[in-house]
Amino acid sequence: MDYKQLEAFEALLKYGTYSKAAKAIYISQPAMTVRIQSLEKFLDIPLFKRNGHKYTLTVAGTVFSNYVRDIFNLHKESLQAINELKGFDFG
């Protein structure tokens, strides 16, 4: 599992379609499909179900989405913490 797969997961969750999600994160639709499929293969469980042209979360996807949100929040917080340290002399 890698950051790009999590980014694709979050985009599909937000936008509901592969084409809109792919466009939002500046990748092709086939690349988007590969990222989601490889994430689901890694986890060995479906995260999305198709409703017409839209994708919604499965129960596993709902559980996983909470952790993905935490991962992205921690990533953002870590970058903010590092940026706050810039300019300090720890010598």
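Everything quoted here is computed from the prediction, not taken from an experiment.
- Sorted by first and then second residue, the pairs that involve residues 11-31 and meet ring-ring contact (aromatic ring centres under 6.0 Å, His included), not counting sequence neighbours, are Tyr18-Tyr55.
- Applying the salt bridge (charged side-chain N to carboxylate O under 4.0 Å, His left out) definition to pairs two or more places apart or across chains, those involving residues 4-27 are Glu7-Arg35.
- Atoms CG and OG1, on Leu12 and Thr56 in that order, are 9.5 Å from each other to the nearest 0.5 Å.
- Applying the ring-ring contact (aromatic ring centres under 6.0 Å, His included) test to every pair with at least one member in residues 29-48, sequence neighbours left out, gives these pairs: Phe9-Phe48.
- Defined by atom type and a distance below 3.5 Å, a donor-acceptor pair is present between the side-chain atoms of Asn83 and Lys86.
- Rounding to the nearest 0.5 Å places OG1 of Thr58 at 6.5 Å from CD1 of Ile45.
- Both Tyr3 and Val68 are part of a single hydrophobic cluster, where members link through side-chain heavy atoms under 4.5 Å apart.
- The cluster map of Ile, Leu, Val, Met, Phe, Trp and Tyr, joined by side-chain heavy atoms under 4.5 Å apart, puts Ile36 and Ile71 in the same cluster.
- Contact record, Ala60 with Pro46: CB-O, 3.8 Å, taken as the closest heavy-atom pair.
- In this structure, the side chain of Gln5 engages the main chain of Asp2 through a donor-acceptor pair within 3.5 Å.
- Closest heavy-atom contact between Arg50 and Gly52: NE-O, 2.6 Å.
- Note that the CD atom of Gln29 and the CD1 atom of Ile27 stand 9.0 Å from one another [nearest 0.5 Å].
- Summarising the geometry, atom CG belonging to Leu13 is positioned 7.5 Å from atom CZ belonging to Arg69; distances are rounded to the nearest 0.5 Å.
- Contact detail for Leu43 and Leu47: the closest heavy-atom pair is CD1-CD1, 3.8 Å.
- Across all their heavy atoms, Leu57 and Lys49 have their closest contact at O-CE, 3.6 Å.
- Side-chain contact between Leu74 and Glu77 is present, with at least one heavy-atom pair separated by less than 4.5 Å.
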